[in-house]
Each structure stands twice: as C-alpha cells, then as structure tokens.
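Here's the structure we're looking at; comments come further down.
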Amino acid sequence: MRLLGVELRRLAARRLIGFVLLGGLAAVALVVVGAWFTAQPPTEAQLAEAQTMFEQELEYWEQEGDQMVADCLESEEQESERLGEEVDFGCDQMAPQLEWFLPYAPPLEEIFTSSLASVAFIPVLLMLIIGVTATAAELSTGTMSTWLTFVPRRTRVVLSKIAAPALVALPLTALIMGVVVGGFYGVYAFHGTTGTISAELWTEVAWIAVRTVGLGAAAAAVGSALGVLLRHTAVALGLVFVWSVVVEQILRGTVPRLQPYLLTTNLLAWVQGGTEYWINECRDSADGVFCEGVEHTLSLGAASIYLGVGAAVILVLATLVFRRRDVG
Amino acid sequence: MGQTDYAISTRDLRKTYRGARGRHVAVDRLDLRVPVGGVHGFLGPNGSGKTTTIRMLLGLVRADSGRMRIFGQHVPEQLPEVVGRVGAIVESPKFFPSFTGRTNLDLLARAIDAPHGRVDEVLEATGLRERGADRYRGYSLGMKQRLAIAATLLKQPDLLIFDEPTNGLDPAGIHEIRGTMRRLADEGRTVLVSSHILAEVEQVADTVSIIGRGRLLATGPVADVIGDRTAGVRVGVAEPERARQVLETAGLLVRVEGQHLMVDGERDPARISWLLGTNGLWVNELAPVRVGLESVFLELTGSSTLGAEGDVR
Ligand SMILES: Nc1ncnc2c1ncn2[C@@H]1O[C@H](COP(=O)(O)OP(=O)(O)O)[C@@H](O)[C@H]1O
Ligand SMILES: [Mg+2]
C-alpha cells in the first residue's frame, strides 16, 4: 500500500500527466466546438433559400407526384415477387419535406447515442499513453534499477506501478467524459434545441460514461503492463497503433467473419453497451449466388469477457516477466 | 571465519549472457569475500564482470548458479531483509531527469519509510542542500554522483557498493569521492568500490579483490596483493654497460633501456645502490617502478586478454 502511495506521488510529480490532461481537454473541446457548429439552427438566409427550393419541389410534386408513387409501388411489387418476400421502397414518404433543403442538424439524442461512444476513445487512448510512459520511462532511463535497490520485492513493485496509473485514470477519464457530455448538452441548450431527453437516454449516457471511465482505468493498467513488457514508449504505442488501426482494419475488410474477435469491435461494444456488425452471407439460389449483409450483434457481456480476459493475460504476463527479468 | 564475518561472500557464482553470437560467460565461478569494515577494492579491467557481480548481489540480475550472502543472509532470496543495510550505485547514477534532486530522494525515502527529515540530512551531508530544488537533468556529473551517494545514505547503510564511482569525474571530483569513501569506512561501514584503475583504489582501499574474465585472481590486503609488486627499479648511471655486468654478477635480472637500466623483480633500491657504490659506480637516479593494473593481471594470469571484450564461448 505504501508503494502505491509513492507511485501516485511519482505520477503527480510528472508533468506529462498535466500535458496529457490538457491535450485531452483540448481535443474534446474541439469536438464540442464542432458540435456547436453542426447543431446551429438554420439562419434566416438558409431558411429562406430552403423555403424557395421546397416550394419549387412541391410544385413539381403536385404535377408528377401521383405518377411517381404509382411507379414506385410497381417496382416494389416486382422486387417483392422476385425475392419472394415483402420489400419496402418507402413509396409513401416521397412527398417533399422542408427539412430536405436545410442543413442537417443532428438532434442531441442522436449525438448521445452515436457520437458519444466515438469521442470516448479520446480519453481511453490518453490513459493508455499515461500507463505506457509511466513504466517504459523508468525501464528505459534505468531508474528502475535504482528503485529495485530500495524495494527489491518485484511483484509488489510491478503491481504498484500498474495500479497507480489505473487509479489516476479514474478521475481523469471521468473529468474528460464530464466535459464531453456537459459540452454537448451545453451546446444544444445554448441553441435551445435540446428537445426532451428521456430518463432512459440519460441513464444510457451515464452508463456509457461509467463504462468509459472503467475502460480508461483498464487502458492505463494495460498500458503500464505493455510498458513493462516492451520497455520503450514508442515501441508500445507503435504496437497498439499498428495493431488496432492497421492490422485490424485490414482484417475487418478481408475477413469480415473475424469482426467479433477484433479488439476494436469489442471496445466499441463495451462503450456502447453492445454493437452491430455486418457479415456478407452468400447462398446459392436459382439465379446464381445471392449475397446479403446480415446484421449481427456483439453483446456487452461478450465484449466484457473478451476484454477482461485479454487485459488479465497482459497483466499477468507483465508481472511474471518483470519478476524474472534482468534489470540493467 | 564464519559467513557472518563477511559483508559479502559469494561461492561458485556464475553468470552467462546469451547474445547474438552465443553464450558469453561474464562471471565464472567467482568466490568473492569482502570483510566487514574498511574499503574493499574490486578491481578488474573493463568487461571483467564487476558490474555483473554487483547486479547479481543486488538482485537486479539472476545468477545462473552459485551462492551469495550479504551479512550472512542469502541473496537474492533474503534480499528484502538485508537491502535496508545496503546502499548501492550501479554503473552510473540513475534518476528521473525531469524531477528535482529532492523529489527523486523523497520518493525513495517514502518507499523505505525513512524518518521525516532524512532527505534534508542527506542533502546537507552531500553538499546538495542549495541545489536540491533543481532538476536532476541540469546537474553536473559530480552532482549526480553526490545525489546518488545521498540516496544510498537515506538508508543509513552498513554496506555501500560503489561501481566505478569516479568514472568521468575531474580530479577534484575523484578526490572528493575518495574522501567520502574513506569517511564512510571510518564511520564503521563497509565500502565495496569497483574500478578498472589500480591507482584509484589502492590509495583508499584496505583490502582488494582482483578479477579477470569473471574469475577471482587475487584477494587480500592491498599491500599483499599489489603493494609489493613493483616491476623493478630504474637505475640511472654514468656507465650503464659496466653497471649491468656488476648487477648481473650479483644475480640480478637487468635490461638496458636507453641510458637507463631496469632491474626487474628487485624490490630493494638500497641493495642496488650499495652494489654499484662499492664498485665505484655512482648512481644518479634510482626509482622503484610500480606496475599498472594490467601488469598485475599479466603477472597473475600470464594472459593478455582479461577483459571479456569480444570473448565468446
Ligand atoms: N546485459 C548484458 N547482455 C550481454 N552481455 C553483457 C551484459 N552486461 C554485461 N555483459 C558482458 O558481460 C561481461 C562483463 O561485463 P561487466 O560486468 O559490465 O564488466 P565490468 O563491470 O567489469 O566492466 C562483458 O563482456 C559484457 O560485455
Ligand atoms: Mg562495469
């Protein structure tokens, strides 16, 4: 316990943590500013222009609308017969609407359900960086050998060095997520377009934030374990980047069936509370091979097992390796 | 002597490194004994295994085989019990460059639960009080070395291990470190200091161990091991050729070196001057020539490559 306290002090003394926090806040501030622009209600000029275009379209619709609906219904029927099942071409929604001619401003609800989860990766990535540098810096500068001549119990040393960044990550991630959620809400409140956010949605938002905070702590712990294993910040971060951005994206494209086993899919499922992915399934039919994208769900439960086991393996490996390793 | 009479004792200590070119024996069946009290010089050329031995003693590196004890406790198994009595600087001081000297010490002090105020004491003792608030990055090599010594003193150790502490220091720094080691020994602590330079250690050490290629070559009080190993006596004389005949007749080993004679293996200049004087040869120079560490090694082993540099087995 004393070692953990010392490690927390060490982290607090490192300016890097401050820089990372500032960087994280700057990044999410940018996202919030971006949201401010997209959430802007249409200006008078945009409204007037949209109104004119809408009226022109409406005029055309009044002349040709009936014919267009009839054509639509006919092709819908043909397609349904060909496939042997009901298809919906949306023929009853062809009448022009004013919104079609206005810039799209996603409602806050949509921001909360879709954008929030992707923004959540900013703090998670930053916590990974904090974790990696915490241990890698000590191994590459050799200060670890000084440390071990004071505290030779290696298991305690490595556990305290993994636990400290994880603990620090909790308030940092919470702070960043608070800024994101508060920022999004503030932007819409400023424009007066929050709409009604249901209690369920608020609960969902809260859970996304809580799971992100947990993931931030795990990322910091895994980061410090990777720092222990790989000893150099650049090597560890490079590995994570190459794996998640290059290798997994290539795999996703070439072998879609692997999607539920990819780290990135599981991370998204964890943050969002389950996620959908599509796999093209092909079968032979009378007119040749017929393929369609089938939606699958990766549940929160499955993702938490995947991530939990993965993190545990890395942490145990780092501990075992550190116990045995020659420290230069 | 029982094991506890030694500050450090090793038996059959062995370490091989696995490199790209195969196995490489760094420490080879080393039996090292460092008595309690005084300064013990741990001598050997570069690459002879001094640092590796120290790392094994401190549990930083795993030995392949053999046994080690510090103050009678088996290490690395019982290192947690004994580490509080051991302060060590391995190779070069290693601290966080972006932290101040004080912060670096403070973290170490907290890790061992050192009493409050200990950091100030050791900063004061090493003359770093004024610079404690500066970043370690900006320290001179001498200050880094002093901070490292300050760190070892946090524990109030009974054994101090300094691995080539004067490397890179200027003469004033070297003098200072020597003084520090002497003072620590005089306070009743044991100091183990490694070096590849004989002259650096023989002035301050009470006892020495000499290793080459990871093996112990000689050990004992300084005087016994290297003190008397003068290579010979250099003689300046007006008639070198006649002087040579006189000395050879007396059974001495003589080489002519330009205008001088070298009398190998003779330790007593008085005998030479007497021999020459009684034969009417007047000596204008008579100087015992001490040997360098390399010559001691050569003498001890008859081999010329004792550093393990490029040595692959
Ligand atoms: N980490 C290492 N990996 C491989 N070889 C090493 C390592 N450390 C030291 N050696 C080799 O072991 C031998 C002894 O080195 P060392 O103990 O540092 O000698 P010294 O301190 O006496 O100069 C040298 O040949 C050195 O090259
Ligand atoms: Mg060395």
Side-chain angles (χ1 to χ4, degrees), chain A residues 1-20 130 133-165 168 224 227-228 231-233 320-328, chain B residues 15 17-18 26 51-52 54-64 70 75-84 86-100 102-114 135-137 147-148 151-152 154-155 157 159-161 163:
Chain A
M1 268 336 254
R2 177 163 69 226
L3 281 186
L4 184 57
V6 182
E7 292 305 332
L8 288 173
R9 271 176 184 277
R10 188 201 305 283
L11 285 176
R14 292 198 61 180
R15 285 184 306 167
L16 184 93
I17 307 284
F19 289 144
V20 168
I130 287 181
T133 60
T135 49
E138 276 191 80
L139 285 160
S140 55
T141 59
T143 51
M144 187 72 88
S145 66
T146 305
W147 193 246
L148 289 175
T149 62
F150 278 71
V151 270
R153 294 184 205 266
R154 295 220 184 168
T155 311
R156 290 186 195 183
V157 167
V158 72
L159 290 182
S160 67
K161 289 193 185 289
I162 286 174
V168 168
S224 18
V228 167
R231 292 189 246 199
H232 296 280
T233 305
L320 293 180
V321 166
F322 187 75
R323 277 173 56 96
R324 294 195 56 91
R325 182 155 66 200
D326 288 354
V327 175
Chain B
K15 173 73 183 180
Y17 284 115
R18 235 162 289 180
T51 301
T52 303
I54 291 171
R55 286 214 168 100
M56 285 190 281
L57 283 164
L58 295 169
L60 298 176
V61 159
R62 198 171 273 267
D64 296 346
I70 295 180
V75 291
E77 298 80 16
Q78 294 172 310
L79 202 54
E81 284 92 83
V82 78
V83 81
V86 184
I89 307 172
V90 185
E91 272 190 334
S92 56
K94 289 173 189 120
F95 294 100
F96 263 98
S98 60
F99 288 1
T100 65
R102 175 182 291 277
T103 304
N104 271 303
L105 291 185
D106 185 58
L107 293 171
L108 291 167
R110 283 173 193 278
I112 57 168
D113 206 14
R135 284 182 201 292
Y136 176 74
R137 182 181 286 134
L147 186 72
T152 63
L154 285 171
K155 305 192 208 180
L159 169 65
L160 287 131
I161 299 178
D163 187 16

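Proteins get letters first, then strands, A, B, ... in listed order; numbering begins at 1 in each.
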With a 4.5 angstrom heavy-atom cut-off, which part of Ala148(B) approaches chain A: side chain, backbone, both or neither?
-> neither
Taken to the nearest 0.5 Å, the spacing of Leu107(B) CG from Thr146(A) OG1 works out to 12.0 Å
What part of Asn104(B) gets closer than 4.5 Å to chain A, counting heavy atoms only: side chain, backbone, both or neither?
-> neither
Residue pair Thr141(A), Phe95(B): steps toward the side chain to side chain contact (heavy atoms under 4.5 Å, CB included) verdict = CA-CA 8 Å; Thr141(A) 59; Phe95(B) 294 100; over 6 Å; no
Looking at CZ of Arg2(A) and CD1 of Ile112(B), how far apart are the two atoms once the value is rounded to the nearest 0.5 Å?
-> 8.5 Å
State the CZ-CG distance between Arg325(A) and Leu60(B), to the nearest 0.5 angstrom.
-> 12.5 Å
Given that the side chain runs from C-beta out, which part of Phe96(B) has a heavy atom under 4.5 Å from chain A: side chain, backbone, both or neither?
-> both
Of the backbone (N, CA, C, O) and the side chain (C-beta and beyond), which part of Arg55(B) lies under 4.5 Å from a heavy atom of chain A, both, or neither?
-> side chain
Atom OG1 in Thr149(A), atom CG in Leu108(B): separation rounded to 0.5 Å?
-> 7.5 Å
If you take all heavy atoms of Pro152(A) and Pro80(B), which pair is closest and at what distance?
-> CG-CA, 3.8 Å
Could you note down all residue pairs passing salt bridge (charged side-chain N to carboxylate O under 4.0 Å, His left out) where residues 148-164 of chain A supplies at least one of them, sequence neighbours left out?
-> Glu7(A)-Lys161(A), Glu138(A)-Lys161(A)
Return the minimal non-hydrogen interatomic distance between Asp326(A) and Arg62(B), and the atom names on each side.
-> OD1-N, 3.0 Å
Partners passing ring-ring contact (aromatic ring centres under 6.0 Å, His included) against Phe150(A) (at least two apart in sequence or in another chain) = none
Looking at Val83(B), Leu58(B), Thr51(B), which makes the most heavy-atom pairs under 4.5 Å with chain A?
-> Val83(B)
